[in-house]
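Letters A, B, ... are given to chains in the order of the sequence lines, protein chains preceding strands, and every chain is numbered from 1.
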Amino acid sequence: MTLLVDAFTILAVLAGLVFFIAGTTGLLRFPDTASRLHALTKADHLGLGLIVLGLLPRAAGIDGALRLLAIWGLVLLSSAAVGPMIARLARLRRPGE
Amino acid sequence: MTSATLFGLAGAALVGIGLFGMLVRTDPLLRILCFNLLGGGVFLVFGAVARRGAGAGFGGDPVPQAIILTGLVVAFAATALAVALVLRLASAEDKR
Amino acid sequence: MGMLPMLAVMLPVLAMVAAVPLGARGAERLTLAVLPIGLALSIVIAVIVQLTQAPILYHLGHWAPPLGIAFRADGLSAAMLVTTAIVVAAVAIFARADFGTASGAPERRQAFAFWPLLLALWAAINLLLVANDLFTLYVGLELLTFAAMPLVCLDGSRATLEAALRYLMFALLGSVLYLLGVALIYGAAGTLDIVLLRERVTADPPVILAIAVMTAGLLAKTALLPLHLWLPPAHAGAPAAASAILSALVVKGSFILLLRLWFGVMAAVPLPDAAQILAGLGATAILLGSVAALRETRLKLLVAYSTVAQIGYLFLMFPLLAAVPGVSDIAAKAWTGGVVQAVSHAFAKAAMFLAAGIMAARFGHDRIAELGGAGRAMPVTLLTFALAGLSLMGVPPSGGFAAKWLLLSAAIGAGQWWWALVILGGGLLTGGYVYRVLASGLRSGGAAVPMSTPVTWRRDGMALGLAVISVALGFLPLAAFGLVQVGQLDLAP
Amino acid sequence: MIADLLLVAAMLIVALASMLARQAFTAVALFIAYGLLLTLAWVRLAAVDVAMTEAAIGAGLSGVLLLGAVRRLATQASPPPEQPPGPAMTLLIALGCAALAAALGAVVLLLPNPAPSLAAPVAANLPATDLGNPVTGVLMSFRALDTLLESAVVLLAVVCVWALTPEGGWGGVPGAAQPVQRDGPLALLARALPPLGIVIAMHILWVGADAPGGKFQAAAILAAMWLLPWMAGLVTPPPIAARWLRWTIAIGPVVFIAIGLAGAVIEGAFLAYPPGWAKPLILIIEFILTASIAVALALLVIGTPDTAQRR
């Protein structure tokens with residue numbers, strides 16, 4: 001049982017890391033702000049979600065699990081707010097693009 | 001090398017970077033920013049000292065940790081004060 | 001009895017905190033109510049230290065160092081506590097005309113800010129005088145900077161805002177360097193208590209580097225040449241009451257801390273070469289600062305450059321103390337001379353700035369060449385300036401004379417006669433710039449002095465009182481100066 | 001160890017880039033990243049209390065403050081820049097700074113081994129305070145004076161920021177006017193986050209006695225929960241003439257000093273707590289101080305009253 005849980009955790013966290021790396025690569029390599037944002041938010045949220053999922057079985061009790069989920073939710077909420085703001089700022093700065 | 005030493009060395013490098021910025025940059029806002037880089041380096045050196053003092057079941061010496069905490073708040077107050085002064089000066093410039 | 005130093009710090013802190021919600025008028029009244037209590041506290045501390053010939057020790061919250069924080073009021077603290085209380089009281093009464101709020105009048109910005117800032121400054125200096133913990137002293141330094149910065153630009157003009165920003169940059173750099181030293185000293189010795197450090201520190205690289213960066217940081221705050229550039233515009237641009245406090249007390253705060261480091265923490269590890277360098281900078285400051293004052297055309301800038309020069313004298317005590325460690329007549333003379341210089345300069349410079357402020361308010365400008373007629377229209381103000389000038393020159397009998405004579409004889413006794421030449425030369429130059437102002441003021445002026453702002457007897461009285469004290473210090477029997485020797489760490493066996 | 005090396009490398013690169021950045025906005029963005037990396041470093045140094053403070057104040061509030069300043073300066077005529085030092089001088093300064101960094105690095109390596117530490121005395125005396133978190137024990141008991149003075153420093157900083165009010169603005173609303181955003185992402189965040197943030201702040205304050213957390217971290221979060229609706233234009237700060245606002249920022253230090261003085265009268269030492277009363281008294285101080293510091297921190301970010309906004 002514990003072996004199974006461990007395997008699940010490792011797999012999920014590793015998969016999450018892959019998405020993080022993909023997102024970071026996008027941030028560094030994509031040409032303009034909009035696609036960078038796209039790469040960063042989409043891939044990272046999935047990555048963070050997978051990591052949270054992987055850690056859930058290891059959380060200390062219900063409130064620990066709730067806290068992990070809250071972290072994911074807060075990150076989603078804040079980047080949902082910040083992403084459009086950055087995009088708008090980028091468009092204001094370079095109206096041509 | 002322990003990680004405490006590593007972070008201590010990083011703190012030393014940050015002190016150099018921040019000090020250089022404070023002396024070379026001319027934009028007052030960037031000077032304030034460099035003051036914060038420098039402050040981060042100083043706190044990191046202190047943090048390395050705290051980590052080296054781990055013992056009695058604590059991961060670090062709590063006395064320097066508490067001092068760093070106090071220092072962070074004071075540094076923020078100083079930053080706020082400096083920023084307010086820069087903004088006030090800029091608006092005085094406007095009215096000329 | 002042990003509580004007295006704590007009360008001397010907490011009283012102004014509490015008053016400062018309470019002054020904010022009370023508003024400008026309430027803050028003014030609170031300050032005036034607190035002043036006599038603070039003055040009485042400091043005098044009682046001085047009397048106790050003198051009578052018992054021992055420092056007052058106090059452990060906060062019953063926690064003894066190294067875990068807790070101790071207050072320690074020695075002779076130096078006692079002398080400076082009394083000085084601070086008197087200067088603050090005189091300036092507060094002087095400032096009522098500028099920053100007072102009449103009953104029913106709306107609150108003004110300057111009035112709201114001035115009183116808490118004055119109280120914070122008083123609290124910070126008292127803290128720097130009695131705290132015995134290097135980090136508590138750091139908090140005191142920051143408190144001092146925060147209180148002093150807005151005083152510089154209280155009138156809100158562009159020039160003073162620029163001066164304030166420059167001052168703030170120097171001060172912030174100074175305190176962060178000091179904090180770096182605190183970190184290193186803790187890493188090397190595991191305590192920040194000065195008395196404990198005296199026994200624990202050795203001349204190891206961490207300690208030496210710590211002292212070096214802390215000294216550099218504190219020199220920037222004390223405005224020792226070549227780090228003095230911020231001082232003249234900052235001190236000359238502030239309102240007269242603020243200038244008086246800044247020049248008389250604020251620069252002394254970081255200087256006292258420097259003394260604590262060199263002759264407290266490092267008392268067992270003398271650094272004679274570095275002390276020679278410090279005194280060399282001090283000597284340069286005396287000569288260049290005086291020359292700059294001599295060439296200055298504006299009265300308040302002249303007084304500010306005079307501060308740059310007078311700070312230089314303070315550093316002459318370093319090599320004289322470091323050259324002859326342990327109990328010695330010469331070291332005692334040098335220590336007393338340096339401290340009396342700090343005290344007498346505080347009184348004289350506060351008086352001088354207040355007098356300059358009265359004159360500037362009366363004439364509507366502070367151009368030295370156009371001060372003609374001052375002698376007739378405001379003899380008391382000019383007399384104040386002259387008395388303060390005598391003390392700064394070191395003409396007997398005055399506090400400045402006692403200080404300079406003690407430093408002079410210590411220099412000759414230690415075989416370092418070159419400092420004696422600097423002291424004498426500095427005195428002559430000081431005489432030069434004081435004479436310039438007096439000569440201009442005593443001329444029967446061309447333009448009639450405008451009578452628009454009547455000078456009240458109270459303002460003149462405060463300035464004159466401070467000047468008289470700075471001169472009267474010279475009449476004190478030498479035994480009274482023994483106070484400042486009490487509890488000195490480098491004389492302890 | 002490899003993770004630490006990567007972290008240190010990233011931190012130095014970001015710091016260097018921030019220091020060299022041409023545009024102020026870029027510099028501040030990098031500075032915030034620097035703060036977050038520093039937060040990770042604090043976790044690696046087993047200083048979780050410091051990490052939380054760094055994230056909330058060092059990166060968070062400082063970042064908001066600097067970003068706001070960049071935005072306001074962009075709309076104003078930039079002050080004539082001071083003459084930058086010439087190349088020779090720059091090189092000299094660089095050499096000096098490098099020398100200081102090298103000396104500091106060498107000294108870090110030369111610190112005594114085993115390191116002197118107060119961990120043992122803290123552990124021995126912590127039971128007397130009934131607290132479980134040693135950092136809180138140091139902040140509220142062993143070195144409570146520093147914490148008290150620091151709260152006074154924060155209050156004084158607010159006075160200083162207000163003292164910079166331009167002529168005609170005294171008594172008015174602090175800070176620049178924020179454009180009202182009825183809808184949009186920021187408005188959503190400003191409405192959705194504060195209830196949650198207040199709960200989190202209270203939690204951090206409450207657990208601070210025994211686990212990492214405490215008043216500064218809680219106060220910084222509370223301040224952010226006020227700043228968010230302010231930035232979205234949903235709330236207007238009270239005018240600085242408001243008596244209750246001034247009492248709010250002053251009451252924390254006043255209570256702290258009052259309890260300290262009571263200790264001097266009853267127990268014979270300033271800031272000494274009667275046996276058995278330590279924890280309740282500390283909690284009372286922390287709660288009131290949190291409120292005062294939260295408002296003061298927010299006011300420091302909001303800034304000086306503007307003449308344009310007087311009402």
Side-chain angles (χ1 to χ4, degrees), chain C residues 2-3 6-7 10 13-14 16-23 58-63 66-69 106-110 112-114 116-117 120 123 127 131 133 135-136 139-140 142-143 146-147 149-150 153-154 156 161 180 184 186-191 200 204-206 209-210 212-213, chain D residues 100 103-104 106-108 110-112 115-118 121-122 125 138 141-146 148-153 155-167 169-171 241 243-251 253-254 257-258 260-261 263-264 267-273:
Chain C
M3 272 185 206
M6 177 276 288
L7 286 174
M10 293 322 297
V13 172
L14 183 61
M16 182 269 281
V17 172
V20 174
L22 288 181
Y58 187 64
H59 293 165
L60 289 132
H62 287 313
W63 300 112
L67 187 59
I69 296 171
E107 185 181 82
R108 290 178 307 135
R109 176 182 64 88
Q110 288 96 328
F112 166 81
F114 180 79
L117 292 173
L127 181 66
D133 180 280
F135 184 71
T136 307
V139 180
E142 290 293 52
L143 200 61
F146 286 16
M149 188 283 279
C153 58
L154 211 53
L161 286 167
L180 180 60
L184 293 177
Y186 189 89
T191 180
R200 289 195 195 175
D204 287 333
L209 184 65
V213 290
Chain D
L100 175 65
L104 199 53
V107 159
V108 167
L110 285 172
L111 285 175
S117 168
L118 290 173
V122 170
N125 290 297
V138 175
S141 186
F142 310 136
R143 298 183 67 98
L145 177 74
D146 286 347
L148 192 164
L149 291 169
E150 180 210 0
S151 66
V153 167
L155 174 67
L156 181 66
V158 175
V159 173
C160 297
V161 168
W162 287 358
L164 293 168
T165 308
E167 275 325 304
W170 185 249
R243 223 12 80 93
W244 68 266
L245 182 72
R246 295 183 180 179
W247 271 114
T248 311
I249 54 175
I251 192 72
V254 166
I257 296 173
L261 287 174
E267 283 295 302
F270 187 66
L271 288 169
Y273 307 111

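- Note that CD of Glu167(D) and CD of Gln110(C) are 5.5 Å apart. Values are rounded to the nearest 0.5 Å.
- With chain C as partner, the option from Leu145(D), Val122(D), Thr248(D) having the largest number of non-hydrogen pairs under 4.5 angstrom is Leu145(D).
- Using a 4.5 Å cut-off between heavy atoms, Pro21(C) contacts chain D through both its backbone and its side chain.
- The minimum heavy-atom distance between Leu148(D) and Met10(C), with the atom names listed, is CD2-CE, 3.6 Å.
- When every heavy atom of Ala152(D) is checked against every heavy atom of Val17(C), the shortest pair comes out as CB-CG2, 4.4 Å.
- Here the closest heavy-atom approach between residue Tyr58(C) and residue Ala269(D) is recorded as OH-CA, 3.3 Å.
- Ala103(D) touches chain C through backbone and side chain together, each having a heavy atom under 4.5 Å away.
- The two residues Thr136(C) and Arg143(D) have their closest heavy-atom pair at OG1-NH2, 3.9 Å.
- For the set Ala163(D), Ala157(D), Ala106(D), the count of heavy-atom pairs under 4.5 angstrom toward chain C peaks at Ala163(D).
- A distance of 6.0 Å separates CE in Met16(C) from CG in Leu155(D), rounded to the nearest 0.5 Å.
- Here the CG atom belonging to Leu149(D) is positioned 5.5 Å from the CG atom belonging to Leu127(C), to the nearest 0.5 angstrom.
- If you measure heavy-atom distances from Leu261(D) to chain C, the contacts under 4.5 Å come from the side chain alone.
- Pairing each heavy atom of His62(C) with each of Ala272(D), the nearest pair is CD2-CB, 3.9 Å.
- Of the listed residues Glu142(C), Glu107(C), Met3(C), the one with more heavy-atom pairs under 4.5 angstrom with chain D than any other is Glu107(C).
- Ranked by heavy-atom pairs under 4.5 Å with chain D, the list Gly2(C), Ala188(C), Gly23(C) is led by Ala188(C).
- Ring geometry for Phe112(C) versus Trp162(D): interplanar angle of 30 to 60°, hence tilted.
- For a residue to count as touching a neighbouring chain, one of its non-hydrogen atoms must lie under 4.5 Å from one of that chain's; by this rule Ala189(C) touches chain D with the backbone only.
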For Leu100(D) and Val213(C): C-alpha separation, side-chain torsions, deciding distance, then whether side-chain contact (heavy atoms from CB on, under 4.5 Å) applies. CA-CA 9 Å; Leu100(D) 175 65; Val213(C) 290; 3.9 Å; yes

With side-chain contact (heavy atoms from CB on, under 4.5 Å) as the criterion, how do Thr191(C) and Leu118(D) come out once you've worked through the C-alpha distance, each side chain's angles and the decisive distance to 0.1 Å? CA-CA 8 Å; Thr191(C) 180; Leu118(D) 290 173; 5.7 Å; no

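- For a residue to count as touching a neighbouring chain, one of its non-hydrogen atoms must lie under 4.5 Å from one of that chain's; by this rule Arg200(C) does not touch chain D.
- Comparing Thr165(D), Ile251(D), Leu271(D) by how many heavy-atom pairs each has under 4.5 Å with chain C, the most go to Thr165(D).
- Both the backbone and the side chain of Ala264(D) come within contact range of chain C, judged by heavy atoms closer than 4.5 Å.
- Only the side chain of Leu209(C) comes within contact range of chain D, with heavy atoms under 4.5 Å apart.
- Of the listed residues Pro206(C), Pro116(C), Ala113(C), the one with more heavy-atom pairs under 4.5 angstrom with chain D than any other is Pro206(C).
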Kindly indicate, with the supporting measurements, whether the criterion side-chain contact (heavy atoms from CB on, under 4.5 Å) is fulfilled by Leu117(C) and Leu156(D). CA-CA 8 Å; Leu117(C) 292 173; Leu156(D) 181 66; 4.0 Å; yes

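- Your options are Leu67(C), Leu60(C), Val13(C), and the one with the most heavy-atom pairs under 4.5 Å with chain D is Leu67(C).
- Neither the backbone nor the side chain of Val108(D) comes within contact range of chain C; no heavy atoms are under 4.5 Å apart.
- Heavy-atom distances place the side chain of Ile257(D), and not its backbone, under 4.5 Å from chain C.
- Taking every heavy atom of both residues into account, Leu164(D) and Cys153(C) meet most closely at CD2-SG, 3.7 Å.
- Heavy-atom pairs under 4.5 Å with chain D peak, among Gly156(C), Ala19(C), Pro66(C), at Pro66(C).
- Remark: Leu143(C) CG to Glu150(D) CD distance equals 11.5 Å, nearest 0.5 Å.
- Interface residue Ser141(D): backbone and side-chain heavy atoms are both found under 4.5 Å from chain C.
- Taken from CG in Leu104(D) to CG in Leu180(C), the straight-line distance is 5.0 Å, to the nearest 0.5 Å.
- Neither the backbone nor the side chain of Asp204(C) has a heavy atom closer than 4.5 Å to any heavy atom of chain D.
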